[in-house]
Amino acid sequence: MKGIQDYYPDHFAHCYGCGRLNEHGHQIKTFWEGEGTLTRFVPKEYHTAIPGFVYGGLLASLIDCHGTGSAALALAKAQGIELSETNAPRCVTASLQVKYLKPTPIGGEIVIKGKIKEVGARKVIVEAELFANGVLCVVGEVVSVLVPDNFGL
Ligand SMILES: CCCCC/C=C\C/C=C\C/C=C\C/C=C\CCCC(=O)SCCNC(=O)CCNC(=O)[C@H](O)C(C)(C)COP(=O)(O)OP(=O)(O)OC[C@H]1O[C@@H](n2cnc3c(N)ncnc32)[C@H](O)[C@@H]1OP(=O)(O)O
């Protein structure tokens with residue numbers, strides 16, 4: 001199943017967190033799940049903070065790109081864009097807030113759920129909850145802003 005990241009134009013698909021064309025990156029995929037959004041990721045052993053627990057910077061990165069992906073899904077829906085080929089809207093992060101509630105264990109799948117809090121013409125606010133083994137470990141809020149398709153080229 002394709003995530004929103006599979007529909008970004010090629011020149012917007014090199015992000016370390018979510019670019020499908022970045023072979024060194026995390027290549028996360030973000031989908032709708034009901035009214036919310038969903039991203040899954042399995043940390044590797046080397047994503048370590050202290051042995052057994054995930055590095056917080058990685059968790060922030062996952063929430064960041066889950067946020068921009070969710071924002072793109074929300075903008076596509078709000079603007080009636082039917083996703084096909086590489087026509088997805090593309091957002092960058094204006095603001096990222098992360099709260100670490102509990103240490104996040106390495107050794108299973110991380111699930112990040114997103115709630116679309118606000119959708120404007122260009123700005124989208126997404127609340128994120130990150131779970132490990134069903135336990136809420138991190139929460140965040142991402143403000144994303146749409147960039148024009150040819151910006152920065
Ligand atoms: C690598 C990104 C480079 C920066 C963008 C340049 C080119 C884009 C080209 C390609 C992008 C392709 C792929 C992106 C890859 C990865 C994405 C994953 C996530 C990231 O790794 S991405 C890197 C970190 N990211 C940045 O490097 C952003 C640097 N920054 C800017 O490029 C500008 O700052 C920008 C575009 C954010 C806004 O610029 P702008 O001129 O469009 O803003 P404008 O004033 O029109 O605001 C419009 C509405 O956003 C609200 N707003 C603005 N800033 C806010 C803030 N900080 N907090 C809360 N709300 C804010 C306003 O309040 C208003 O809200 P309202 O409509 O409600 O009034």
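Order of listing sets the numbers, starting from 1, for every ligand and every atom in it.
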Atoms of ligand 1, numbered as shown, that sit under 4.0 Å from any heavy atom of [X]:
X      : value
Ser95  : 58 (N)
Cys15  : 15 (C), 16 (C), 18 (C)
Val143 : 59 (C), 60 (N)
Val147 : 8 (C)

Exercise. Hey, is Arg90 touching ligand 1 through its side chain, its backbone, both or neither, going by heavy atoms under 4.0 Å?
Worked result: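 It is the side chain that gets close, since no backbone atom is under 4.0 Å.
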
For this session: Could you tell me whether His11 approaches ligand 1 through its side chain, its backbone, both or neither, with non-hydrogen atoms closer than 4.0 Å?
Result: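 The answer is neither.
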
Exercise. Which is closest to atom 25 (N) of ligand 1 in terms of heavy atoms, Thr93, Val92, Val145?
Worked result: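 It is Thr93 that holds the nearest heavy atom.
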
Exercise. Atom 65 (O) of ligand 1: which of Glu118, Lys123, His66 has the nearest heavy atom?
Worked result: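 Heavy atom nearest to atom 65 (O) of ligand 1 belongs to Lys123.
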
Exercise. If you measure every N/O of Ala94 against every N/O of ligand 1, is any gap under 3.5 Å?
Worked result: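 The answer is yes, given that Ala94 and ligand 1 share an N or O pair closer than 3.5 Å.
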
For this session: Applying side chain to side chain contact (heavy atoms under 4.5 Å, CB included) between Leu73 and each of Thr68, Ile116, Thr30, report the one that passes.
Result: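 Of the listed options, the one satisfying the test is Thr30.
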
Problem set entry | Aromatic ring pairing His47/Phe41, orientation class (parallel under 30°, perpendicular over 60°, tilted between) |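 The arrangement is tilted - the two ring planes meet at 30° to 60°.
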
Exercise. Rounded to the nearest 0.5 Å, how far apart are OH of Tyr8 and NE2 of His14?
Worked result: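 NE2 of His14 is found 13.5 Å from OH of Tyr8.
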
Exercise. Between Tyr16 and His24, is the gap from one ring center to the other below 6.0 Å?
Worked result: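 Not under 6.0 Å, so no.
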
Exercise. If every non-hydrogen atom of Val119 is compared with every non-hydrogen atom of Ala74, which pair is closest and at what distance?
Worked result: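 Of all heavy-atom pairs spanning Val119 and Ala74, the closest is CG2-CB, 4.0 Å.
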
Exercise. Would Glu141 and Lys117 count as a salt bridge (charged side-chain N to carboxylate O under 4.0 Å, His left out) if you check the C-alpha gap in whole Å, the side-chain angles of each, and the deciding distance to 0.1 Å?
Worked result: CA-CA 9 Å; Glu141 185 183 273; Lys117 195 172 156 191; 2.9 Å; yes

For this session: Evaluate side-chain contact (heavy atoms from CB on, under 4.5 Å) for Leu136 paired with Lys102, printing each intermediate quantity in order.
Result: CA-CA 8 Å; Leu136 180 63; Lys102 291 187 170 68; over 6 Å; no

